[in-house]
Amino acid sequence: MMIKQFLFVLLILVGAPIVGGLLFGIDRKITARMQGRYGPPFIQPFYDFFKLLGKEHIAVSRMQFVWIYGYLVFMIASLVFLVMKSDFLLLVFLLGFAGVCLVLGGFSTKSPYAHFGANRELMQILAYEPVLLLLAIAIYAQNGSFLISEIFRQDKPLLFTLWPLFLAVLYVLTIKMRKSPFDISTCHHGHQEIVKGVTTEYSGPYFALYHLAEWYEIILLLGIISLFWTNPLWVGILIALAAFLLELFIDNITARMTVGWMVRLSWSVGLILGIINIAYIYYTKGVS
Amino acid sequence: MPYMLPTILKNLFTGYATRMYPVQVREPFENARGHVVFLDDKCTMCGVCALRCPSVAITTDKEKNELAFYPLRCIVCEVCVQACPSDAIELIYKWRPSLYDKPVELHKSTRLTHLRESADKAKEGVEKAKD
Amino acid sequence: MGLIQRSRVKSPWILHFDNSSCNGCDIEILACLTPLYDVERFGMVNMGNPKHADILLITGPVNRRTARVLKNLYEQVPDPKVVVSVGTCASTGGVFHNCYNVLGGVDKVIPVDVYVPGCSVRPEAIIDGVVMALQKLAKL
Amino acid sequence: MADQMMAIAVLLPVAAGFLVLAVRNYYARNVIVIATAIVLIANSILLALRGPFTYTPSGFDWGLLITILDYAILIFYLYVGITLRNWLVLIFALTQILPLAYFEFIMKAHVEVAPAFVVDHLALVMTMVISIIGSLICIFALRYMYDHEHHAGIEKSRQSRFLFWLVLFLGAMNGLVFANNLVWLYFFWEVTTLCSFQLISHDRTKEAIHNAARAVWMNSTGGTAFILAIIYLYATQGGSSALSMQSIIGGGIQSSIAVLPIALLCYTGFTKAAQMPFQSWLLGAMVAPTPVSALLHSSTMVKAGVYLVLRLAPVYAGTYLSVIIAIAGAFTFFAASALAVSQSTGKRVLAYSTIANLGLIIACAGINTPLSIAAAILLIIFHAISKGLLFLCAGTIEHQIWSRDIEDMEGLAAKAPLTTLITGVGILSMFLPPFGMLLGKWIALEAAYMVPLAAIFFVLASTLTIVFWTKWLGRLLQVLPKIERPFEKLSLSYSVPLWTLLIGIFVVGMGIGPIYQNFLRAATNDVVSGNQIIALGLNNLILITPSFMQREILGLFPVWPLYLILIVALLLPLMLIGVKPKELRPVYMCGEQTGGTDTDEWLAEADRKTKFQLGGFYYQGTLGEKRVNPWANAIAILLLVIMLGCGVIAI
């Protein structure tokens, strides 16, 4: 049993970046098509990744590498938590630590652009973290446990009761995928107003690590979304993929917004959705 | 924002506007400033082009019968083409291929050679006639 | 050709630097990114940051002020890197060659790998130039 | 044996304090303080190993002594009020003296409460926190005060006076947590207020005295409420059991009658724990030398307020009062976290963070399930360690750069890598997994299910917490590219407390499983179930071990894997990744940097060399004190009024 689970986790850990990279390739291709372009090949992210691995090591400070490793490892750890069906709240905290690592990586250089990016990334954490924590609380309210395995044990999908939070999580997904209108701290498109935001000072292999972490992150986020329909799981995965496609549309029809706008929107709409949702669960289930 | 939606949907389902360049090459337009070529058989090494060139891409040496053209200095302004009295410079509409180094094109005017040869012959003829 | 070499050819990221160009060539570089030419087909992305770039596309003649900046940027690009001078002015100084503050072509400051002639260069020529640069990059 | 240990915990600091006051030699004083610290630490550990007991001192009329000292302290406040012409201090001193006189002379309530001291598991936890962390702070203060006076150029040393109050504080706190008699508890309560007044006003600047006076009058309102609660309890219940803490929490009084005095006592706890709207005295206390702040914030003073609210938890369980306390605490957690974002002074950030975390603890007490009580106790311990460490770090930094401003700490990693490392760990331990504070927060969120509004405040506040800590740590880390950074040398008096607390964070964090099993579960049970000691006797203490607590705290929070992740993520890269000099590049400055990696200059307009200037963001416009304070205070006062109103209505 243990070995089987271990192998499964290992499989996910190896498979996640491959699928994540492909998803990013599809993202670039579809985005190109939406813009009337031909677009790069699907495996373009892997070309980028291996090219970056082969580049020279250059550094600005030693600490920034520590933090990028932290970002990667904490991202992988959160994915492991998801795969092992462990505690959802802890997963959110680990995800928060990953974000903090990225911010500190930006702060640990004396670069104005990285600083700007880091400050904005911090505001992004401020925008998405409450929604994820509210989701955790709502799951607790619904199932009486933060455990993801408990979600799998329920017959009734979470989406039926948690649909307001589902909308809020889509909002989080836009922020975490760094899609317009929230490609604020850094983004996947080449040239942007703050150079490359929080990743400005990363280059070569360390930038490749950042990409790797992003691939894990996309799988993690889609995994969280698929938790909304776990019985059967394939419906949840389809919902997650649909959400992914929706993000591509949102990305291409919106323009970048300001940080303040993002936080205000998140703290008003996102939180109100969350509060309504939790209030609804309390109304239907009652405080124990 | 949603008003962009019809546009991107249209783009998504009606194909792409991209011209697949290396495979699919469009012929250059009429009068496109591609690059200039020197017709050695028309050139008289008069030096007018070198005088008029704004970026000193052409130097001429009539004594040595040598016209040096620096392609990387040429701004394809067509001044030399218009200035050449003997239509020895032509504008090609296709762009000049990229280069790994900075070459110098050396031209020897065949017309000048002919002229000189014929002048020499004439000289010889005159001298023979003198003799 | 190893995996990394192959990836290098497939994923050239560009840093576009304008010395003191008339902006003709810059417009053409941006034209390459438009749907009509779409250089992202070749994995080319226009980066704003030398630390992420592989290829420097440099337009315009070097003047006394930009020479310093150009050198700084070049040093910040991690190896392997290639430099493409785009347009006549970047290659030799072109029509600006004897301006009071112009030093001349880019190769006065940093080594140049590929020269793309033209005034201004056509997008196709830029693509050709980058492809030539990639052939050089593959051998590095 | 128990009475000697008890006496050591309470009276040794007093004796040592007077000794320190008498000794004028710097080194002799150091020896005394260090010896006291070691004895206190050893004593607290022995006490903890010995387990709970009760004790009633005999052979001397201690009650009379305490009454006399009570009046002495209150008359001193009157004196302070008159000399400073601070009418608030005067008024609130009078509001304490008059009811106390009524209680003593008209009600003639010379009650002998037996046992006078009850040392249960919660008290043991508290005394360990107080003795160990407080002692370390005293050791830190030795060198700190020397540097402090040296830097300020003070001729006549007042260090011995400072150390006197500092050491006395520990004794008062120990007495406070042990006391079972409410009148005695009130006495210790007043002693801590007095100590804090003396310590805050130590520098004798106008600002220091003003802030100290504010601390006194705010705490005096709490003291007044305390006396009123005592009088009310005595009048309605009568007899000695009315004033025994154990009988109150054990359900010895009718809970319907108890609500008003309990609300008053909770109000007292709120003032001491500097909950909104009383936060200003704790912020004002920041003018004091840093060891004072460290002591006030981590192990003593504010923890007394939290202790009182937590101790009373079983009495108000299941009432509306409980819900209001939870919401008020959660609101403080939220508002103080938001205010901390806008602060640029290191110590003020720490102060707001303390207020916020105390709010969290009080909210946990208000949520009032076994789980949340466990969370509160865990948070008290972890907060004391982490905050003690951070304040000591702030002091160390202050004595290295002579500034408290976060902006001046920019790039501290280059100047003082060791201090930065310790501070960094301290900061991370405040808000990130796997450290203890997060463990507490995790349990608190789980428990917060009972009070949804509190849960929403928790969510917002814990996110804001991330923002201000990360911002601060980021300022410390910002450095220029460089290879060699030799560690700076720290004086032993600085480094011993710092390293001890740093190791403490990891030891307690990693060992939380066994510590919880052997120690904290019992403390939780002591709190939740009221007076077990009296009901069940000392030796056959039957602990209720709710199985769900054991499962959820120890089974699900994977402590070891999380530490493993931390090591893999940060520690290994920190040790293994090296950077060679030739790999260093200057940062991206649009190519306008002046050259090498060792300079932070760039060429601005007209080729003028200019240094980079990077400042932090403080969001003054949206989260500044001026903007938030009126709202936050209004809501907090409203919550307080509702809280006391609950008590009044319940009659």
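These figures come from a predicted structure and were not determined experimentally. Throughout, a chain's letter reflects where its sequence line sits, starting with A, and its residues are numbered from 1.
- Contact count versus chain B (heavy atoms, under 4.5 Å) is highest, among C:V116, C:D128, C:D38, C:V114, for C:D128.
- Contact of B:P28 with chain C is not made at all, since no heavy-atom distance falls under 4.5 Å.
- For the atom pair C:S20 OG and C:R64 CZ, the distance stands at 11.5 Å (nearest 0.5 Å).
- For the set C:V131, C:L36, C:V95, C:I127, the entry with the most heavy-atom pairs within less than 4.5 Å of chain B is C:L36.
- Counting heavy-atom pairs under 4.5 Å between each of C:I126, C:D107, C:V84, C:V39 and chain B puts C:D107 at the top.
- Atom NZ of B:K108 is surrounded by more than 12 heavy atoms from other residues, nucleotides or ligands within 6.0 Å.
- For a residue to count as touching a neighbouring chain, one of its non-hydrogen atoms must lie under 4.5 Å from one of that chain's; by this rule B:Y100 touches chain C with backbone and side chain alike.
- Contact check for C:V82 versus C:D54: no side-chain heavy atoms found under the 4.5 Å cut-off.
- Contacts of B:V25 with chain C are absent, with no heavy-atom separation under 4.5 Å from either backbone or side chain.
- Distance check: C:I55 CD1 to C:D113 CG gives 9.5 Å after rounding to the nearest 0.5 Å.
- Contact of B:N11 with chain C is not made at all, since no heavy-atom distance falls under 4.5 Å.
- If you take OG1 on B:T59 and CD on B:E66, they are separated by 8.0 Å, rounding to the nearest 0.5 Å.
- Counted by atom type alone, C:N19 and C:N63 present zero donor-acceptor pairs between their side chains at under 3.5 Å.
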